[in-house]
Number of protein chains: 2
Amino acid sequence: MRNAEVSCQAMNLKQLSENLGLSQTTVSRALNGYPEVSESTRKRVELAAQQGNYRPNMRAMSLATGKAMTIGHIIPVATQSDVVNPVFAEFVAGASQTYSQFGYELMLRFAESKDEESTYRSIVAKHAVDGVIVHSPMREDSRLALLKEIGLPFVVHGRVCDTNEEYNWIDMNNRSAFKQATQLLIDLGHKNIALVNGQESLSFAWLRRLGFLDALHENGLTHNPSLMASDELTETHGYQTATKMLASDHAPSAFLVSSYVVALGVRHAISQAGLAIGKDISVIIHDDALSYFDNSGAVPQFTSTRSSVREAGILAAEMLLKQIDEPELYPQTKLLKSHLIMGSSTGPYRAQLSTLV
Amino acid sequence: MRNAEVSCQAMNLKQLSENLGLSQTTVSRALNGYPEVSESTRKRVELAAQQGNYRPNMRAMSLATGKAMTIGHIIPVATQSDVVNPVFAEFVAGASQTYSQFGYELMLRFAESKDEESTYRSIVAKHAVDGVIVHSPMREDSRLALLKEIGLPFVVHGRVCDTNEEYNWIDMNNRSAFKQATQLLIDLGHKNIALVNGQESLSFAWLRRLGFLDALHENGLTHNPSLMASDELTETHGYQTATKMLASDHAPSAFLVSSYVVALGVRHAISQAGLAIGKDISVIIHDDALSYFDNSGAVPQFTSTRSSVREAGILAAEMLLKQIDEPELYPQTKLLKSHLIMGSSTGPYRAQLSTLV
DNA sequence: GGAATTATCCAAAGCGCCTTGGATGTTCGA
DNA sequence: TCGAACATCCAAGGCGCTTTGGATAATTCC
């Protein structure tokens with residue numbers, strides 16, 4: 001498929017400088033904005049570079065400068081056929097905006113947890129990246145120590161609970177958001193509130209659980225373990241959990257759900273039980289603002305704690321690039337406040353049909 | 001954050017060969033499996049490399065060999081805040097398996113259509129990739145000609161309709177799958193069948209539309225334009241479309257839906273209308289087998305045409321790497337057959353409540 | 001006008017790897 | 001025992017870029 005035209009396409013410094021009758025040094029300096037070149041030659045060089053569609057060979061540039069101009073995203077998966085959290089794609093879409101703005105590329109990997117360590121060591125030894133984003137931090141997470149040992153700059157999307165170490169992170173206020181949401185349900189008169197959560201070995205889910213419990217306890221309510229479920233963020237998880245809970249003796253009158261996808265399963269279970277969301281049953285979800293699940297509008301479908309994951313991606317990337325540029329900034333942190341948005345899925349408590357029947 | 005330990009971590013060929021008392025040539029050859037080195041030294045070298053956690057500097061290697069050892073995925077988006085099709089993440093997760101198996105890295109970009117051309121030209125000029133996967137092909141798609149001109153190896157995930165040119169592609173049988181699904185609905189007695197489709201400027205949606213029409217026409221049915229909707233694959237699209245259609249005078253008794261996400265909206269609209277899926281209304285979806293929407297099990301929720309996007313990713317990547325390795329294979333093509341899977345969302349036609357009332 | 005700046009530009013080294021074209025030592029057949 | 005064939009290893013050049021340390025010409029200052 002490669003043909004003769006290719007050689008025209010891929011011009012290099014040497015050719016460019018020969019065409020211009022200048023040295024490689026001068027051309028390089030002209031293009032990189034060094035002062036030792038006159039404004040007139042700089043213009044001439046830039047024009048020629050543009051016309052020749054010249055871009056420095058990224059590999060050669062990296063070799064010479066020692067900078068990979070690439071950021072790695074290593075997505076942890078349990079197995080190769082594992083669930084891929086839809087949040088990651090949205091986050092990456094955001095981060096990628098920042099990267100292209102600053103001339104960086106994005107390298108993506110999926111790593112099973114068992115070879116996560118070797119993955120990190122490998123990409124560093126290969127000089128593949130200048131830094132990484134750590135996804136899906138766990139309550140305790142060995143990646144912190146590992147990355148510090150390797151000396152690879154990183155930003156965590158989320159936080160690690162069981163550590164006193166410092167590190168760069170960007171996170172939303174999981175705990176207070178879920179506390180606030182729970183409080184809203186309590187204020188509406190709900191007492192039997194179910195939490196349909198993500199895997200609580202992961203920080204975000206654990207913190208949401210804590211926030212949920214905070215609110216219950218502050219209001220003198222006891223939590224019911226059978227109304228607390230924790231699993232991967234799938235529709236099935238939501239459906240099966242809600243179905244089972246609704247059929248039980250102590251059916252909840254309200255659900256607090258950790259993601260939109262899960263809520264779709266919950267919604268389905270509720271309507272299959274012949275109940276109406278926002279009337280018989282209240283639901284609050286956490287809304288990551290995924291682009292294909294639109295929960296906005298004048299009156300959103302779901303009452304929700306909303307925090308844009310895409311924006312988090314943008315900001316995380318900015319933080320990382322800044323960290324790489326100015327190591328003395330370490331550590332940087334940023335807490336994003338979610339918004340509690342009233343939708344049509346919440347309403348005052350009322351005795352449920354099923355219990356009346 | 002980088003500290004003294006780093007230098008220990010990042011060993012290079014020179015150091016390694018000095019440690020071993022061998023030349024760089026020999027060490028390089030030993031590690032790359034050349035025959036000019038004795039088995040005993042090879043063992044010795046491999047051991048030392050492993051112990052020193054030596055990995056060749058990817059940038060230097062690329063420069064020397066001319067191979068980037070990287071594949072690019074350029075995801076087209078209308079605007080930076082655009083919907084990111086969930087299918088892409090799953091596809092990429094699959095492709096990534098193949099890449100890491102063969103020592104390749106995956107470079108990801110999101111490109112607005114207006115600067116798609118410059119994106120491709122740029123990554124080629126930069127020598128950033130050895131090939132690319134083309135996502136979301138359109139009915140007519142300028143990327144084909146562009147990539148051929150540039151001479152960059154590529155594989156299209158899907159097909160381009162309006163072209164006679166040859167190119168590498170991997171696709172599912174969109175047209176026949178949707179024809180088959182439509183036929184099933186017709187066989188069940190349905191005559192008013194709605195198609196809730198993706199954007200029909202995209203090939204996959206257009207082909208599904210054609211398949212849908214094929215079946216209608218073969219059975220002497222005329223299509224009703226008001227029962228054919230086409231938009232981005234969001235839940236909202238499904239919900240609003242189905243709500244409107246169900247409320248109209250010629251409400252459909254069956255829906256053919258282009259994705260699981262959209263179907264969730266359709267399902268919601270149906271249950272809000274007080275109708276039961278699989279009884280009052282039949283629904284067939286196309287199921288990309290996304291990991292967080294589980295539509296498997298003994299009796300899946302939705303009757304569906306299923307084709308795993310993740311597997312497509314694996315195979316597309318294999319095809320591309322093979323193409324890069326053996327250019328004479330051009331063009332390669334692969335058609336994946338989707339499976340029609342019976343779920344509980346379809347049933348024989350019966351007069352609808354709404355029309356009876 | 002001559003020395004000291006300043007403005008421009010260049011030659012060459014080096015980043016870490018692969019690879020060509022020998023060099024050296026070993027083994028084998030005659 | 002000697003040359004040929006082979007096995008084993010090495011020195012050095014080159015991939016395309018950045019960057020150091022001048023060189024040359026133009027300008028300024030006394």
Side-chain angles (χ1 to χ4, degrees), chain A residues 6-7 9-46 48-49 52-70 103 122-128 130, chain B residues 6-7 9-46 48-49 52-70 103 122-128 130:
Chain A
V6 180
S7 53
Q9 290 283 344
M11 151 129 61
N12 61 20
L13 229 206
K14 191 175 174 188
Q15 289 169 35
L16 184 61
S17 59
E18 279 171 359
N19 289 352
L20 284 160
L22 290 170
S23 76
Q24 299 189 33
T25 309
T26 304
V27 175
S28 171
R29 283 184 164 154
L31 294 173
N32 292 326
Y34 282 76
E36 299 95 333
V37 54
S38 75
E39 213 42 50
S40 61
T41 32
R42 186 192 307 282
K43 284 270 186 290
R44 203 160 64 94
V45 170
E46 277 171 352
N53 189 37
Y54 169 76
R55 307 284 157 100
N57 180 319
M58 171 184 186
R59 312 288 160 175
M61 193 160 139
S62 287
L63 186 58
T65 61
K67 301 198 62 179
M69 295 306 285
T70 302
S122 153
I123 61 173
V124 162
K126 281 172 73 174
H127 289 260
D130 298 317
Chain B
V6 180
S7 53
Q9 290 283 344
M11 149 128 65
N12 61 21
L13 228 206
K14 189 176 175 188
Q15 289 169 34
L16 183 61
S17 59
E18 280 171 359
N19 290 351
L20 284 160
L22 290 170
S23 76
Q24 299 188 33
T25 309
T26 305
V27 175
S28 170
R29 282 185 165 154
L31 294 173
N32 292 326
Y34 282 76
E36 299 96 332
V37 55
S38 75
E39 213 44 49
S40 61
T41 32
R42 187 194 305 282
K43 284 269 187 288
R44 201 160 66 92
V45 169
E46 278 172 351
N53 189 37
Y54 169 76
R55 308 284 157 100
N57 180 320
M58 172 186 187
R59 311 289 160 175
M61 193 160 139
S62 287
L63 187 57
T65 61
K67 301 198 62 179
M69 296 305 285
T70 301
S122 154
I123 61 174
V124 162
K126 281 172 72 175
H127 289 259
D130 298 317

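Below, read A as the first sequence line, B as the second, and so on, with proteins coming before strands; counting in each chain starts at 1. Here the structure is a predicted model, which is why all the values come from computation and not from measurement.
Rounding to the nearest 0.5 Å gives a distance of 10.0 Å between OG1 of B/T26 and CG of B/L20. The line from NZ of B/K126 to CD1 of B/I123 is 8.5 Å long, rounded to the nearest 0.5 Å. With rounding to the nearest 0.5 Å, the separation of CZ in B/R29 from CG in B/L22 is 12.5 Å.
Side chain of A/R42 to backbone of A/Y34: a donor-acceptor contact under 3.5 angstrom is found. Here the side chain of A/T25 pairs no donor or acceptor atom with the backbone of A/S23 at under 3.5 angstrom. Of the possible donor and acceptor atoms, none in the side chain of B/S28 sits under 3.5 Å from a partner among the backbone N and O of B/Q24.
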> Stepwise, does the side chain to side chain contact (heavy atoms under 4.5 Å, CB included) test hold for B/N57 with B/N12?
Replying inline: CA-CA 7 Å; B/N57 180 320; B/N12 61 21; over 6 Å; no
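First and last contacts of DNA chain C with chain B, using any nucleotide atom under 4.0 Å from a protein heavy atom and ordered 5' to 3', fall at C/dG16 to C/dG21.
Distance, B/R42 CZ to D/dC9 C1': 13 Å, rounded to whole Å.
No engagement by A/S62 is indicated, since no non-hydrogen atom pair under 4.0 Å with the nucleic acid exists.
For B/T26, a side-chain nitrogen or oxygen approaches OP1 or OP2 of D/dC10 to under 4.0 Å.
A/R59 and B/A128 make their closest contact through NH2-O, 2.5 Å (heavy atoms, listed as atom of the first residue, atom of the second, distance).
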Using a cutoff of under 3.5 Å, can you pull out all pairs of nitrogen or oxygen atoms linking the protein to nucleotides 16-18 of chain D, with atom names and distances?
unit_1: D/dG16; atom_1: N2; unit_2: A/A60; atom_2: O; d: 3.4
unit_1: D/dC17; atom_1: OP1; unit_2: A/Y54; atom_2: OH; d: 2.9
unit_1: D/dC17; atom_1: OP1; unit_2: A/N57; atom_2: N; d: 3.1
unit_1: D/dC17; atom_1: OP2; unit_2: A/L13; atom_2: N; d: 2.4
unit_1: D/dT18; atom_1: OP1; unit_2: A/N32; atom_2: ND2; d: 3.1
unit_1: D/dT18; atom_1: OP2; unit_2: A/S28; atom_2: OG; d: 2.7

